[in-house]
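Atom set for the values below is all heavy atoms of this structure, side chains included, hydrogens, waters and symmetry mates excluded. In the text below, chain A, chain B and the rest are named by the order of the sequence lines, each starting its count at 1.
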Amino acid sequence: MKQHQFEVVVVGAGGAGLMAALYASKTASTAVISKLYPTRSHTGAAQGGIGAALGNLEEDHPEWHTYDTVKGSDYLGDQDAIEFMCEEAPSIVYELEHMGLPFSRTEDGKINQRPFGGHTNNDTGRPVTRACYAADRTGHMILQTLYQQSIKNKVTFYDEFQALDVIVTDDGVAGVVALEIATGEIHVFHAKSVIFATGGWGRVWEITSNAYAYTGDGVAITLRRGIPAQDMEFFQFHPTGIYKMGILITEGVRGEGGVLINGKGERFMEKEGYAPNVKELASRDVVSRAMYLEMKAGLGIEGKRYLYLDVTPEMVNKYATLDGRTRPDGTPYRVTSEEILSKLPDIIDFCETYLGINPVTQPMPVQPTAHYGMGGIPTDKFGQVVVDKKNKILPGLYAVGENGCVSVHGANRLGTNSLLDLVVFGKHSGLKAAEYARNSGYIPLPENPAAFAEEQLEALRNSDGDEHISDIGNEMKEVMFDHVGVFRTEEGMSKALGKIRELKVRFKNIKLDDKGSVFNMDILNAWELSNLLDIAEVTTVSALKRKESRGAHARDDYPERNDKKWMKHTLAWLKEDDVKLDYKDVVFTKFKPKKRVY
Amino acid sequence: MKKITLKLFRYNPETDKKPHYDTFKMEVEPTDRVLDLMEKVKGYEDGTLSFRRSCAHGVCGSCSMRINGENMLACKTLVQDLGTNKITVEPMLGLTVLKDMIVDMKPFFIHYESVMPFFVNDEPDPAQERLQSIEDRERFDDTTKCIMCGACTTSCPSFWANEEYVGPAAIVNAHRFIFDSRDKAAAERLQILNDQFGVYRCRTIFNCTVACPRDIQITKAIGEVKKAIATGNLD
Amino acid sequence: MALNRKVSLFTGLKYKGGGPMWAWIMHRLSGLAMVFFVGGHIIAGFLTQQFGSEVGIAINTIYENWIFQLALFFLVIFHAVNGLRVVILDLWPALLEYQREAIWLQWLTFIPIYGLVLVVVLKDALGG
Amino acid sequence: MSSRTVAKRGFNLDYIMWLFMRLSALALYALGLTGLVAALIMGARTQTDISTLLRWTFFPNPSHVISSDIVNLEPWINSFWQIIQMLVVFFGVTHGINGLRMVVEDFIGSSWWRVLWRGFIFFLWLFILLVAIYVVLAS
Ligand SMILES: Cc1cc2nc3c(=O)[nH]c(=O)nc-3n(C[C@H](O)[C@H](O)[C@H](O)COP(=O)(O)OP(=O)(O)OC[C@H]3O[C@@H](n4cnc5c(N)ncnc54)[C@H](O)[C@@H]3O)c2cc1C
Ligand code: HEM
Ligand code: SF4
Ligand code: F3S
Ligand code: FES
């Protein structure tokens with residue numbers, strides 16, 4: 001066992017982790033530990049853009065952004081935090097630009113922007129260009145830029161170190177236990193502040209846009225240490241994943257004018273009850289649900305479980321004319337193949353590689369894909385982890401990015417708001433963590449700090465049963481996709497919960513081939529699966545209890561939102577054989593709940 | 001469904017003195033990714049098989065390896081693209097093999113870090129964005145796409161011969177800043193690359209350009225850097 | 001423990017680099033071969049001229065043998081044509097995007113020139 | 001588009017030799033062309049066969065045409081051609097020897113071996129150059 005001491009330890013090197021590390025390292029000794037090389041983080045997969053009301057192309061205001069986000073969250077987002085994020089957005093985007101981020105440019109050399117689902121001009125209700133982008137690789141550029149700046153600022157990295165446990169004492173947090181993947185050695189990082197930024201857990205579901213590494217480690221680790229997880233029932237399904245593979249086709253495609261088409265060749269989003277106003281650019285839960293309903297009514301392409309996303313210039317121009325869409329300067333909106341090529345190069349590359357089709361001439365087969373966890377480790381707007389309904393702070397522990405829940409996304413996240421969340425709250429948690437470190441001492445490490453982590457690993461290493469972890473994983477993914485997906489019912493979810501609990505029992509009887517210590521990915525994959533199972537259980541229990549439909553949580557048996565009973569955040573604690581729930585109030589400032597129509 | 005033979009390079013430092021190959025026969029879809037086949041082997045045949053992967057759609061750079069003798073991303077190569085039933089997967093060349101397909105990427109990142117791969121402009125930041133024309137932005141667009149997968153550097157015979165060569169990936173990342181009109185440190189980077197182990201190690205072999213999964217015109221980028229050193233002109 | 005990073009010649013040659021990689025290998029081989037042959041020819045000339053050396057004469061006899069000449073012309077012309085490709089691409093890096101076409105063009109240039117030499121030398125050797 | 005430039009600085013052997021390899025390659029072309037065109041003007045089309053012509057093109061030394069049907073060797077043997085030959089020798093040998101250095105240095109990093117090799121190659125270069133010049137002047 002090796003031991004290190006840093007004032008601030010950041011777990012995870014995606015957009016959130018790197019931003020936090022950059023700011024923390026300005027005043028405190030800081031280490032970043034990451035199970036992937038930082039540039040492999042899933043932030044790099046984000047395509048469409050980062051939301052900020054710069055107003056570079058047309059009128060826009062942070063207040064509008066705030067309202068859209070509140071509405072998008074189905075009023076479950078905490079409005080003080082949302083206001084804070086949207087106000088900070090323009091300056092933080094400028095800051096990224098000053099760090100060298102190569103945004104796409106407008107004619108007059110400013111950062112270019114495109115429309116995105118749920119972002120509107122509050123006066124007219126029409127889509128507004130708010131997503132600042134760099135072609136369709138905005139996340140890639142953010143990740144690269146932040147990593148480059150980290151190198152410039154000499155941040156200390158522990159690459160390919162997998163965090164397994166956080167050390168929580170009665171006085172607060174004392175550090176992190178991690179495994180050096182290359183050697184199998186356990187390292188204890190003694191720290192004053194620990195920031196979790198380990199990303200999401202989309203791998204719980206069968207069809208997902210998420211990376212193999214998205215196994216919810218941060219949430220699972222803290223759950224096992226008695227820290228609750230908030231709003232886990234809200235998991236976003238992105239409308240347009242490549243059929244069967246789940247690879248994401250950015251909402252930017254619809255922003256550029258792409259339309260969704262059903263098996264009868266109709267543009268169904270304009271139907272009454274879906275989103276007659278903004279159509280394809282409604283928020284994600286709305287579009288995913290509409291697609292699901294179409295497919296359920298047998299209107300999938302050839303009756304199968306997919307639909308077409310069409311961005312060929314003919315279709316785009318046809319419907320832009322019908323909609324009367326104009327460019328910001330007032331001229332009618334028309335696109336050419338070249339324009340689509342230059343704005344969506346990676347999407348075109350994906351389609352050519354995986355589908356053998358060219359989106360400039362052919363429609364893309366798409367289906368909803370598990371995409372983003374709105375819930376996570378509960379925090380305040382400085383990323384400080386809070387552990388009960390009264391928002392009691394756990395000193396020294398922070399969570400940001402997808403694994404944190406501020407909550408700015410409430411029941412449904414708007415596109416482009418996650419990248420914004422990463423950098424805004426990444427920055428502030430980094431500052432806060434360093435400030436806390438400056439004002440407090442190291443909490444002594446307990447007797448045997450790595451015991452719990454080692455115990456988990458030993459159990460896995462010595463496992464000698466007959467279950468394949470792949471089988472358990474696949475069964476979990478399937479049942480979760482079928483029953484805790486876009487649409488949910490009491491019956492389906494109960495079934496899923498039974499299955500998850502059965503799988504958890506079967507997990508105790510797994511068989512692992514690799515007993516070594518060097519790059520033992522077998523054990524780590526099994527450990528990650530145990531995280532997914534815990535998260536699946538917490539998600540399902542939280543969802544079963546919430547008897548209403550709100551945002552991404554849509555129930556056939558309770559189709560209406562119920563503000564009287566359910567305008568509150570779920571807090572879930574993982575117990576030995578059960579999940580304990582409690583609820584906490586939503587923060588309101590300006591906006592009263594209204595019915596949500598697009 | 002299609003019958004294929006998958007031959008995998010195997011080396012476990014804890015038990016093996018020398019590497020060997022394992023062969024698996026399996027039925028797969030022509031549209032399966034090579035990565036899917038490897039996941040299948042790992043899941044059901046031999047859990048000790050080790051390789052890196054994350055995003056599974058060619059954007060994170062984890063899974064570059066030698067497939068049928070050529071560097072590719074396992075997650076961006078479909079069985080049907082290979083046009084054969086025999087698939088051989090081996091680790092990239094020129095880096096130390098740690099286990100199976102996993103190579104030691106440290107030297108690669110050290111070279112990357114050596115070329116000042118970060119934005120430098122010490123003038124006070126303006127209140128809003130620094131302006132840049134669409135053409136100036138386009139100038140270095142190609143090299144911003146790099147995902148640091150290492151496929152290029154490990155396909156370069158010049159790098160195989162001598163690991164002190166900074167390698168195409170590092171030059172690509174220097175290029176991204178040298179030709180960014182907002183950046184101010186081009187001279188320093190050119191100075192670094194104007195070295196025995198800098199751009200002049202490049203013998204215009206083109207393996208890098210062919211290998212790059214992001215279709216970056218790497219040799220062109222290197223050529224532009226060479227030319228910039230020779231002429232002092234950055235346009 | 002880990003494997004050595006060394007790439008053996010054999011492993012390197014097995015890498016599927018395609019046309020440009022083979023062009024480079026041949027450029028290198030032809031360059032080196034020329035250094036030795038041309039160097040040898042110069043020294044042989046020197047020895048013959050100065051000392052009427054038997055060795056010098058022997059070397060030059062081999063040198064002037066038609067088979068040797070064919071090989072030498074092959075190397076020289078290949079190296080010269082390929083070298084020109086490299087020089088042009090270096091002067092105008094923008095052309096590097098057309099590297100595949102450049103390789104084609106190079107062979108299109110090489111084949112007639114070498115074909116001519118082949119015909120002439122063979123006619124000389126066999127006919128005369 | 002604004003024009004961006006940087007001050008050139010930091011000369012090093014590899015840069016100079018990189019440039020030299022390309023320039024010498026072009027020079028060899030130019031010299032070869034000179035030899036070829038001049039030979040044709042001097043009557044090579046009727047008086048020599050093609051292989052002789054090619055040999056002359058690569059190296060305009062009278063010994064390369066001596067056994068041909070050329071009647072008047074006068075224009076083929078003079079100090080102009082001696083200068084051309086010396087240029088060919090200089091560019092060719094330096095180019096070739098530097099090529100040898102490049103190949104070798106690909107495999108030896110910046111160790112003391114390199115110093116040794118550079119020394120050896122330098123003397124090899126000098127030797128061949130001197131010998132070649134001697135041959136040129138003597139023939
Ligand atoms: C395909 C796709 C497209 C998207 N497009 C957009 C978009 O256009 N706009 C937008 O706003 N949002 C988008 N999102 C959402 C957004 O990109 C993600 O939510 C966000 O990038 C998450 O960032 P993060 O920093 O929290 O996590 P990540 O970037 O995923 O980083 C997680 C880090 O944690 C590390 N880690 C994980 N577990 C451990 C462990 N146990 N020990 C040590 N380290 C660990 C990983 O190595 C990694 O470095 C998209 C998401 C996807 C999947
Ligand atoms: C018109 C004639 C020639 C041209 C156009 C030419 C061109 C070139 C060029 C451009 C290079 C550089 C390759 C690089 O940097 O990657 C080169 C390398 C080389 N040349 Fe020539 N050359 C010519 C004649 C010769 C001659 C006559 C010799 C031998 C005496 C020679 C020997 C070499 C060698 C040994 C190399 C190094 C090869 C390597 O590094 O791989 N060349 N040549
Ligand atoms: S340049 Fe291409 S091959 Fe090289 S590291 Fe970057 S993405 Fe990979
Ligand atoms: S393969 Fe190597 S030699 Fe140059 S063109 Fe690419 S870096
Ligand atoms: S897994 Fe990300 S590039 Fe292959």
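Ranked by heavy-atom pairs under 4.5 Å with chain A, the first of B:Ser54, B:Gly43, B:Cys60 is B:Ser54. The greatest number of non-hydrogen atom pairs below 4.5 Å with chain A, out of B:Cys149, B:Ala56, B:Gly58, B:Ser62, is found for B:Ser62. Across A:His42, A:Glu95, A:His140, A:Met99, the residue that shares the most heavy-atom pairs under 4.5 angstrom with chain B is A:His140. Between chain B and the residues A:Asp108, A:Asp349, A:Leu512, A:Leu143, the most heavy-atom pairs under 4.5 angstrom are made by A:Asp349. Top candidate by heavy-atom pairs under 4.5 Å with chain B, chosen from A:Ala45, A:Gly44, A:Pro102, is A:Pro102. Between chain B and the options A:Tyr147, A:Tyr37, A:Tyr94, heavy-atom pairs under 4.5 Å are most frequent for A:Tyr94. Of the listed residues A:Thr145, A:Thr353, A:Val93, the one with more heavy-atom pairs under 4.5 angstrom with chain B than any other is A:Thr353. Between chain A and the options B:Asn12, B:Ile102, B:Asp100, the largest number of non-hydrogen pairs under 4.5 Å is found for B:Ile102.
Heavy atoms of B:Ile147 lying under 4.5 Å from chain A belong to its backbone as well as its side chain. Proximity to chain A (any heavy atom under 4.5 Å) is shown, for B:Met116, by neither the backbone nor the side chain. Within the 4.5 angstrom heavy-atom criterion, only side-chain atoms of B:Glu14, from C-beta onward, approach chain A. For A:Thr106, the part lying under 4.5 angstrom from a heavy atom of chain B is the backbone only. Interface remark: A:His98 contributes backbone and side-chain atoms alike to the contact with chain B (heavy atom separation under 4.5 Å). Looking at A:Leu101, the atoms closer than 4.5 Å to chain B (heavy atoms on both sides) all sit in the backbone: N, CA, C or O. For a residue to count as touching a neighbouring chain, one of its non-hydrogen atoms must lie under 4.5 Å from one of that chain's; by this rule A:Leu36 touches chain B with the side chain only. Only the side chain of B:Leu35 comes within less than 4.5 Å of a heavy atom of chain A; its backbone N, CA, C and O stay farther away. Of the atoms belonging to A:Ile469, not a single heavy atom falls under 4.5 Å from chain B. For A:Glu160, the part lying under 4.5 angstrom from a heavy atom of chain B is the side chain only. When heavy atoms are compared at a cutoff of 4.5 Å, A:Tyr212 approaches chain B by way of both its backbone and its side chain. Only the side chain of A:Asn474 comes within less than 4.5 Å of a heavy atom of chain B; its backbone N, CA, C and O stay farther away. Proximity to chain B involves both the backbone and the side chain of A:Met521, based on heavy atoms less than 4.5 angstrom apart. Of the two parts of B:Glu138, neither the backbone nor the side chain holds a non-hydrogen atom closer than 4.5 Å to a non-hydrogen atom of chain A. In this structure, chain A has heavy atoms under 4.5 Å from both the backbone and the side chain of B:Arg130. For B:Lys99, the part sitting under 4.5 Å from any heavy atom of chain A is the side chain, from C-beta outward, and nothing else.
Looking at A:Leu96 and A:Ile50, their side chains come closer than 4.5 Å, going by heavy atoms from C-beta outward. Side chains of B:Arg66 and B:Leu93 form a contact here, defined as non-hydrogen atoms less than 4.5 Å apart.
A:Tyr133 and A:Phe103 have their aromatic ring centers separated by at least 6.0 angstrom. Proximity of the aromatic rings of A:Phe519 and B:Phe51 is defined here by a centroid distance below 6.0 angstrom, and this criterion is not met. Taking the six-membered ring for Trp and the full ring otherwise, the centers of A:Tyr354 and B:His57 sit at least 6.0 Å from each other. Separation of the B:Phe177 and B:Phe118 ring centroids does not fall under the 6.0 Å cut-off. Ring pair A:Tyr306/A:Tyr243: centre-to-centre distance below 6.0 Å.
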Evaluate the criterion salt bridge (Lys or Arg N to Asp or Glu O under 4.0 Å) for residue pair B:Asp46 and B:Lys42; output intermediate values, then yes/no.
CA-CA 5 Å; B:Asp46 184 352; B:Lys42 187 172 175 63; over 6 Å; no
Hey, mind stepping through B:Asp141 and A:Arg137 against salt bridge (Lys or Arg N to Asp or Glu O under 4.0 Å) and telling me if it holds?
CA-CA 11 Å; B:Asp141 185 63; A:Arg137 20 183 185 265; 3.7 Å; yes
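B:Asp180 and B:Gln132 form a side-chain donor-acceptor contact under 3.5 Å, judged by distance and modelled atom types alone. Side-chain contact of B:Tyr44 with A:Asp471: a donor-acceptor pair under 3.5 Å is present, judged by distance alone. A donor atom on one side chain and an acceptor atom on the other are found under 3.5 Å apart for B:Thr48 and B:Arg10. Under the 3.5 Å distance criterion, with hydrogens and angles disregarded, a donor-acceptor pair is assigned to the side chains of A:Glu528 and A:Gln162.
Note that OG of B:Ser64 is 7.0 Å distant from CG of B:Asn71, once rounded to the nearest 0.5 Å.
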